[in-house]
Each structure stands twice: as C-alpha cells, then as structure tokens.
Amino acid sequence: MINSIEVAGAKLEFSDTGSPSPNAPMLLLVHGFPLSRAMWSAQVKALAQEFRIVAPDLRGYGGSTIGDWPTDEHTVSLRRYAEDLVAILDYLQHDGPVVLVGFSMGGYIALAMEREWPDHFGALALLDTRAAADSEESRATRLKMADKIHEWGAARVAELMRPNLFAAGTPEAIVEQTVQLIGSTQPASIAASQRAMAARPDSTSRLPAINKPTLVLVGQSDAISPPGEMQTMAQSIPGAQYVEIAGAGHMAPVENSAAVNAALKEFASGLS
Ligand code: MLT
C-alpha cells in the first residue's frame with residue numbers, strides 16, 4: 001500500500017507492505033543519496049512475508065515533495081529528514097519492535113535520529129554508511145555540486161557517482177537501474193542533500209552510547225564507506241553485529257540483495 005502524510009510543508013510518501021501479526025517487527029527502510037525508496041524493491045519483496053516493511057521517499061525524492069525549504073540559499077538538514085521519519089513513525093503507531101534501517105545517507109539520518117529521538121525505534125541497522133563527518137575536501141566537492149547542479153543536471157551526477165557505487169562485475173542492468181534512478185532526481189533535492197550532508201556532525205564519539213541491538217553491514221568492495229571503517233564503527237557500538245556482503249560495493253542492497261535480505265531477516269527475527 002502507498003500512503004502519504006503532510007509534514008512541515010511537504011507531502012511525504014511511503015510504501016507500507018506486509019501484514020504479519022501486529023507485534024511483528026517493522027523495518028523502516030531509509031534510502032541513500034540521491035535515490036528513492038525504489039532502491040529497496042528487493043527487500044520489500046523478500047521480507048514483507050515476515051515483517052512490516054515501511055519504505056519512505058525522503059522529502060524531495062520519489063513521490064515526496066520537498067516543501068518550502070530548497071532555494072539556492074536554504075537546505076534540508078539531516079535533522080529535518082530525521083524529524084520527517086519521526087512523524088511517519090508517530091503516524092503509524094506500530095505495536096511491535098521498530099528496526100531503523102539506514103543506507104548511506106539514510107545511515108547519517110539514522111544516526112541523527114539516534115541522537116535526538118532514540119525512543120522512537122528499538123534496533124538499528126547501518127548499511128554502507130559512515131559515522132565520521134566529511135573531510136574538508138569532500139565537503140568542498142559537495143558544496144560545488146550543490147552550487148552547480150542546476151547547470152549540470154542530475155544525469156551528470158549519476159555519471160560522476162557511477163564508478164564508485166558498484167563492485168567490479170556487477171551486471172549492467174543493475175548498474176543502469178541505479179544510474180537512471182539518480183538521473184531522475186530533482187536538482188533541488190540533490191543540492192539540498194549535499195548541503196545537509198556537508199553540514200553533518202561527526203557521530204563517532206556517540207557510537208559507544210548506542211544501547212540497542214545494532215547491525216552494521218557493508219559490501220566487501222564499498223569504495224564510499226569502506227569495510228575497514230565500518231568494522232571499526234561496529235567495534236565501537238556495544239554488542240553490534242558486523243556483516244560483510246560478498247560480491248557487492250556501495251550499493252550492496254541492490255547488488256547482492258539475497259545476502260543483505262538474509263542478514264536483515266536474521267537480525268530482525270532475533271528481536272521479536
Ligand atoms: C549515499 O549513497 O547516500 C551517498 O553516497 C552518501 C554520501 O555521499 O556520503
């Protein structure tokens with residue numbers, strides 16, 4: 001089922017799939033940059049038998065509008081994206097455990113939720129993401145893209161990102177699907193997210209305070225959030241599980257969906 005709610009000037013659209021028992025875990029799947037909930041189609045298909053799967057489009061992506069913020073001077077902060085997810089959770093009032101699953105930028109947003117609204121979810125899955133803030137160099141690259149995006153268009157962003165997203169040998173059809181998804185993103189949303197990510201704080205020092213079940217998962221060839229860094233992240237979170245996905249780069253949930261689904265299933269099953 002596709003649903004939507006109005007939150008702070010935007011229409012937020014989300015899919016709500018699977019109707020297991022009311023107490024079954026609910027997975028809230030938060031997509032990366034600059035994608036949409038479409039990236040989760042394999043997870044929705046495979047996991048909705050057992051779990052309730054809610055996949056929102058962040059404001060400005062897919063079927064969600066961006067609201068009043070994005071002009072050349074303003075941005076959507078990661079806190080705003082996090083607050084939008086809190087509004088969706090408040091609206092859904094799910095009875096069972098809520099697993100917050102954040103992929104890449106979705107992981108940055110999940111860490112923002114953990115900082116301010118930790119009571120809104122019971123478990124955390126951090127997929128192909130980072131706790132560290134940007135280096136000065138990557139911050140400058142992001143701000144340049146934000147400034148130039150209306151001139152460049154989203155297709156150029158897709159081509160710039162393509163070489164870093166996939167493991168060697170990923171089937172061209174999978175690569176093309178993601179490249180097209182990126183290319184269909186509104187330029188204003190790309191600018192807004194780049195500015196938001198450039199401004200995000202370092203979350204490394206907060207990891208030891210995370211006191212809920214946590215899964216840390218990464219594609220073995222991830223060039224954006226490298227396995228070594230994610231393993232260190234897992235070691236900093238008390239009791240966290242660490243999983244590496246073979247045959248996958250940054251886009252592990254689409255490159256090797258079977259292995260990612262198996263890891264999510266095992267993790268979420270242990271919660272109910
Ligand atoms: C993403 O996949 O969400 C982005 O690559 C994250 C980033 O740019 O840091």
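For clarity, every value in this text was computed on a predicted model and none was experimentally measured. For ligands, and for the atoms within them, numbers begin at 1 and follow the listed sequence. Just so you know, these numbers use all the heavy atoms, side chains as well, and skip hydrogens, waters and symmetry mates.
Inclusion of M105 in the set of residues having an N or O under 3.5 Å from an N or O of ligand 1 is warranted.
From the protein, the heavy atom lying nearest to atom 8 (O) of ligand 1 is R142 NH1, 3.0 Å. When hydrogens are left out, the protein atom nearest atom 3 (O) of ligand 1 is F33 N, 2.7 Å; that is the closest non-hydrogen contact. Of the protein's non-hydrogen atoms, Y108 OH, 2.5 Å is the one closest to atom 9 (O) of ligand 1. In this structure, the protein non-hydrogen atom closest to atom 6 (C) of ligand 1 is S104 OG, 3.1 Å.
Neither the backbone nor the side chain of R130 has a heavy atom within less than 4.0 Å of ligand 1.
Short contacts between ligand 1 and G32, defined as distances under 4.0 Å to a heavy atom of the residue, involve ligand atoms 3 (O).
Taking a 6.0 Å sphere around CD of Q231, one finds it holds more than 12 heavy atoms contributed by other residues, nucleotides or ligands. Within a 6.0 Å sphere centred on CD of E159, heavy atoms belonging to other residues, nucleotides or ligands number more than 12.
Of the charged side-chain nitrogens involved, none lies within less than 4.0 Å of a carboxylate oxygen, so that R130 and D202 do not count as a salt-bridged pair. Taking 4.0 Å as the cut-off between side-chain N and carboxylate O, R206 and E114 do not count as a salt-bridged pair. Look at K144 and E137 and you find no salt bridge, because none of the NZ, NE, NH1 or NH2 atoms lies under 4.0 Å from a carboxylate O.
Ligand 1 lies within reach of H250, whose nearest heavy atom is under 4.0 Å from it.
Counting only heavy atoms from C-beta outward, the side chains of F103 and W40 approach each other to under 4.5 Å.
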